[in-house]
J.: 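I have a structure I would like to understand better, so I am pasting it below and will then ask my questions one at a time.
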Amino acid sequence: MESALLQGLNPNQRQAVQTIDGPLLMLAGPGSGKTRVVTHRLAYMLEQGVPPSRLLALTFTNKAAQEMRSRLERLVGPAPVWMGTFHGFCARLLRQYAPLVGLPSNFNIYDVDDSTACLRTAVEAAKFSLTHVSLGTLANRISYYKNRLVTPETLQAEGLSSDEHAVAQVYPFYQRQLLNSGAVDFDDLLMHTAMLLRSAPELRSELDERYQYVMVDEYQDTNLAQYVIVRHLAIDYPNLAVTGDPDQSIYGWRGANLKNVSYLERDYPNTQIIRLEQNYRSTPEILSVADGLIQNNQYRKHKRLVPSRAAGEPVRLVAYATGRREAEDIVAQIVAAANSGKRQLRDFAILVRTNAHSRLIEQTLVRQQIPYQLIGGFRFYMRKEIKDLVSYLLLLHNPQDDVAWERAINTPPRGIGKQTIAKLKALAGQHRVSLLEACRLALQGAMLGKKIAAGLRQFLDIQDRCVELVHGSLLDLVEAMIEMTDYRSYLLRCHQADGAGDKDALANLDELLAEAAELDRQSLEASPLEVFLEYAALQSDTDRLSTNNCVTVMTLHAAKGLEFPVVFIIAVEENILPHQRSKDDPLAVEEERRLLFVGITRAQDQLQLSYAKRRAFRDSETPGIPSSFLMELPRSDMQCVDLSEPDPFGFDPIDHNDDAYASLSGRWDESEFSQLAEETTAEDASVLEEAEFCQLPADELPQQVIAKLKGRITTAAQLAGDTAAVRQSEQVFRIGRVVTHPEYGSGRIIAASGKGPKRSVTIDFFSSGEQRDFRLSHARLSIESDE
DNA sequence: ACTCGTAGCCTTTTT
DNA sequence: GGCTACGAGT
């Protein structure tokens with residue numbers, strides 16, 4: 001009697017589902033039905049009588065875990081299988097065994113913000129100067145070491161290059177600071193757990209026994225710490241099943257190590273390897289492009305992508321004049337397809353290399369009033385108003401937490417300034433107590449001014465009164481916190497100063513309350529506060545992906561594991577994809593290539609790759625060079641379109657109709673392609689030409705040129721980097737002038753500040769009544785009238 | 001102690 | 001084009 005779970009699977013998939021004992025490596029290409037196999041395999045194990053509590057399934061994102069759970073439940077109904085992220089699993093484990101690694105069991109989990117604050121303190125404590133190494137670099141390096149299980153001590157013992165010397169200097173201070181505050185960062189969750197399993201053999205074997213079947217998703221993206229964790233859980237019961245695709249390894253920068261595949265083969269010599277190469281997702285055209293690209297990776301085992309779908313449309317490769325044109329054309333294509341009823345908005349994804357590249361796309365979507373979701377921007381729990389309140393909760397949960405204390409102590413302002421904080425820090429250091437405790441000492445010692453003492457007392461009062469609420473309902477606690485800090489009126493005060501936006505912040509508070517209420521409803525075990533804080537720290541915004549009917553905009557990284565009928569990948573340009581920071585390292589370039597491979601293989605029916613010949617970058621505009629990856633694609637099978645419409649004046653008309661250039665499609669010839677690639681040198685002629693035009697007095701220009709120039713004057717002045725032109729624009733855009741913005745209409749300049757390329761003006765718009773700041777060098781502003 | 005203006009940094013990707 | 005640390009002014 002064959003299990004129903006095996007029906008509709010190909011032979012390899014069946015074999016994977018039925019292999020439940022012993023080590024197993026599933027090499028699953030994109031679109032090979034991996035999630036299906038994995039969930040069917042779990043269901044099959046349950047069907048074979050494996051108790052659900054013996055199973056452990058580890059994923060990278062909460063979203064992946066949720067997906068797995070819901071699909072498993074559809075097959076077998078609710079089952080108490082532990083499924084979740086590595087970080088979530090580690091947090092839960094550490095909560096139980098914290099003392100064994102020297103942590104308090106009420107440790108707090110820091111997000112990037114808190115960790116950075118902590119690192120800053122550590123840098124101060126180490127008396128380290130940030131002139132040569134940035135805070136971000138330090139954070140990255142420390143994170144990298146932690147993921148490779150290098151402790152501060154081992155790092156110091158090793159021979160150090162000059163750069164690493166800096167890291168070695170700060171790392172111990174950072175770690176001590178974390179421990180002092182009774183906190184861990186993301187990487188610590190993994191590192192402490194790995195150390196714990198290594199150093200406590202009895203516990204290790206107990207857990208090995210408890211989790212007899214361990215499954216790891218996206219194995220190609222695991223780092224050493226994660227391997228050590230998994231390895232220690234699967235020694236006595238070596239039933240370790242991992243799925244992965246080396247071609248989709250895109251987290252090397254985070255310490256992911258493809259060697260983990262060879263470690264697996266070393267530690268489990270009898271590992272069964274099953275290849276899932278049949279692709280059910282994409283058209284043969286798309287797969288051929290993906291394959292043509294990935295063949296160029298040198299450090300790679302040969303692997304196939306076997307198409308199973310019927311032929312479809314050719315992959316499009318499009319050149320645009322500017323990033324703006326790119327955005328406008330893509331949005332126009334989406335609108336056209338949606339209006340014709342052929343597609344829904346949810347069918348489209350626009351993928352970008354870095355978060356910053358989403359901005360133009362976003363603006364264009366807003367202007368066309370197309371609903372969209374942006375993944376990879378700001379996490380909900382990173383918003384200021386949420387973080388402020390969470391800090392109070394963190395401090396409540398763990399009074400040792402000095403980072404939370406420092407955020408909360410003067411938010412909203414209650415007269416505790418730098419001086420006072422310095423005093424309290426000194427006091428805390430002297431008595432070796434937390435900053436919260438130092439507040440009490442300072443009040444007892446009557447060493448502060450009246451006003452300051454009153455502020456401190458108020459702060460302590462909030463803490464003391466909330467402590468009583470900790471074990472009650474979370475909603476009550478958060479509500480009380482907002483009341484006592486008078487946080488709502490603080491928000492109102494903040495926003496009165498800078499105009500609009502207060503609605504969002506207040507709405508976010510409501511959403512926070514809603515989430516608290518939700519957790520109250522489902523809270524089963526332990527402290528709801530703890531569950532909530534863990535949720536706040538480990539929730540990523542990728543997890544908030546919705547299925548509403550809207551266009552999705554996200555980074556290539558965030559797109560992993562997803563699929564869309566139509567995919568646009570923008571800015572496929574040299575120094576963007578591959579990224580500038582990767583180009584000196586051949587291995588890093590290969591990772592960039594894999595990143596593009598991941599993007600391409602997200603597409604089911606249609607795919608468009610594009611680049612722009614000029615692209616705005618920070619304060620200037622740079623020539624865009626087509627990515628070298630584009631040369632590697634089988635272009636004879638693709639549809640190559642040049643929409644970059646050469647312009648006699650070297651700039652874009654602002655008001656153009658989409659169809660004015662949409663009809664201009666031609667084939668590239670090879671020469672143009674390589675020519676563009678060679679034009680790597682700085683300013684291209686058209687940019688300079690544009691600048692010259694703009695220094696002419698407006699009435700000396702022909703009418704039609706003026707019409708086109710209108711709105712671009714300041715940009716050109718800035719591009720020239722010419723002080724005379726900049727000064728001129730400063731004179732023209734002075735307070736009181738009425739100006740026009742292509743998006744917001746007319747308004748009056750009410751304030752101006754800065755000089756040179758940083759010169760900016762505040763404009764009060766007539767139609768909306770809104771005030772906005774613009775940098776003259778960048779904004780598309782034009783003069784409407786004299787005085 | 002707080003407020004405002006400014007220069008300088010930044011951004012690659014994420015749990 | 002945004003954010004923030006720092007400094008001058010209140």
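Protein chains get the first letters and strands the later ones, always in sequence-line order, with residue 1 at the start of each.
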J.: Indicate every side-chain donor-acceptor pair of residues 569-580 of chain A with a distance under 3.5 Å to a residue at least two apart or in another chain.
T.:
{"residue": "A/E573", "atom": "OE1", "partner": "A/R615", "partner atom": "NE", "Å": "3.0"}
{"residue": "A/E573", "atom": "OE2", "partner": "A/A612", "partner atom": "N", "Å": "2.8"}
{"residue": "A/E573", "atom": "OE2", "partner": "A/R615", "partner atom": "NE", "Å": "3.0"}
{"residue": "A/E573", "atom": "OE2", "partner": "A/R615", "partner atom": "NH2", "Å": "2.5"}
{"residue": "A/E574", "atom": "OE1", "partner": "A/S628", "partner atom": "N", "Å": "2.7"}
{"residue": "A/E574", "atom": "OE1", "partner": "A/S628", "partner atom": "OG", "Å": "3.3"}
{"residue": "A/N575", "atom": "OD1", "partner": "A/K583", "partner atom": "NZ", "Å": "3.3"}
{"residue": "A/H579", "atom": "ND1", "partner": "A/R581", "partner atom": "N", "Å": "3.0"}

J.: Of the listed nucleotides (B/dT13, B/dC2, B/dA1), which one gets closest to any side-chain atom of A/W253?
T.: B/dT13

J.: What's the closest nucleotide to the side chain of A/P413 if the choices are B/dT14, B/dT13, B/dC2?
T.: B/dC2

J.: Rounded to the nearest angstrom, tell me the gap between atom CG in A/D111 and atom P in B/dT14.
T.: 15 Å

J.: Whole-Å distance between C/dG2 P and A/L360 CG?
T.: 12 Å

J.: DNA chain B: A/N410 or A/H579, which has the more 5' nearest nucleotide?
T.: A/N410

J.: List the residues meeting salt bridge (charged side-chain N to carboxylate O under 4.0 Å, His left out) with A/D187, not counting sequence neighbours, and say none if there are none.
T.: none

J.: Considering only atom P, compute the distance from C/dT4 to B/dT13 and round it to an integer number of Å.
T.: 16 Å

J.: Taking the nucleotide of DNA chain B with the closest heavy atom to each, which residue, A/D187 or A/G136, is nearer the 5' end?
T.: A/G136

J.: Do the side-chain N or O atoms of A/N355 get closer than 4.0 angstrom to the phosphate oxygens (OP1, OP2) of B/dT14?
T.: yes

J.: Return the orientation label for the A/H87 and A/F186 ring planes: parallel under 30°, perpendicular over 60°, tilted otherwise.
T.: perpendicular

J.: Can you tell me how far P of B/dT15 sits from CG of A/D188, to the nearest Å?
T.: 18 Å

J.: Would you please name every residue forming a salt bridge (charged side-chain N to carboxylate O under 4.0 Å, His left out) with A/R141, sequence neighbours left out?
T.: A/E164

J.: Indicate whether OP1 or OP2 belonging to B/dT14 is found under 4.0 Å from a side-chain N or O atom of A/T555.
T.: yes

J.: With sugar-phosphate meaning primed atoms plus P, OP1 and OP2, does A/Y251 contact a base, only sugar-phosphate, or nothing at under 4.0 Å between heavy atoms?
T.: sugar-phosphate

J.: Checking A/R92 now: which residues fulfil salt bridge (charged side-chain N to carboxylate O under 4.0 Å, His left out) with it, not counting sequence neighbours?
T.: none

J.: Side-chain contact, heavy-atom cut-off 4.5 Å: A/Y487 with A/E385?
T.: yes

J.: May I ask you to say what A/F60 touches in the nucleic acid, namely base, sugar-phosphate or nothing, with a heavy-atom cut-off under 4.0 Å?
T.: sugar-phosphate

J.: Nearest-Å distance, CD1 (A/I421) to P (B/dC2)?
T.: 9 Å

J.: Is the closest side-chain donor-acceptor distance between A/Q175 and A/D188 under 3.5 Å?
T.: yes

J.: Taking CZ from A/R594 and C1' from B/dT13, how many angstroms apart are they, rounded to a whole number?
T.: 13 Å

J.: Report each atom pair, protein N/O against N/O of nucleotides 5-7 of chain C, whose distance is under 3.5 angstrom.
T.:
{"residue": "C/dA5", "atom": "OP1", "partner": "A/R120", "partner atom": "NH1", "Å": "3.4"}

J.: Kindly point out which of B/dT13, B/dA1, B/dT15 is positioned nearest to the side chain of A/V112?
T.: B/dT15

J.: Rounded to the nearest angstrom, tell me the gap between atom CD in A/Q220 and atom P in B/dT13.
T.: 20 Å

J.: Could you state the atom-to-atom distance from CG of A/D185 to C1' of B/dT14 in whole Å?
T.: 13 Å

J.: Could you work out which one of B/dT15, B/dC2, B/dT14 sits closest to the side chain of A/T85?
T.: B/dT15

J.: The criterion is salt bridge (charged side-chain N to carboxylate O under 4.0 Å, His left out); which residues satisfy it with A/E563, sequence neighbours excluded?
T.: A/R281

J.: Heavy atoms under 4.0 Å, any strand shown: does A/E591 hit a base, just sugar-phosphate, or nothing?
T.: nothing

J.: Can you tell which of B/dT13, C/dG1, B/dT15 lies closest to the side chain of A/R359?
T.: C/dG1

J.: Select one nucleotide: of B/dA1, B/dT13, C/dG1, the one nearest the side-chain heavy atoms of A/H557.
T.: B/dT13

J.: Rounding to a whole Å, what distance do you find between A/K450:NZ and B/dA1:P?
T.: 18 Å

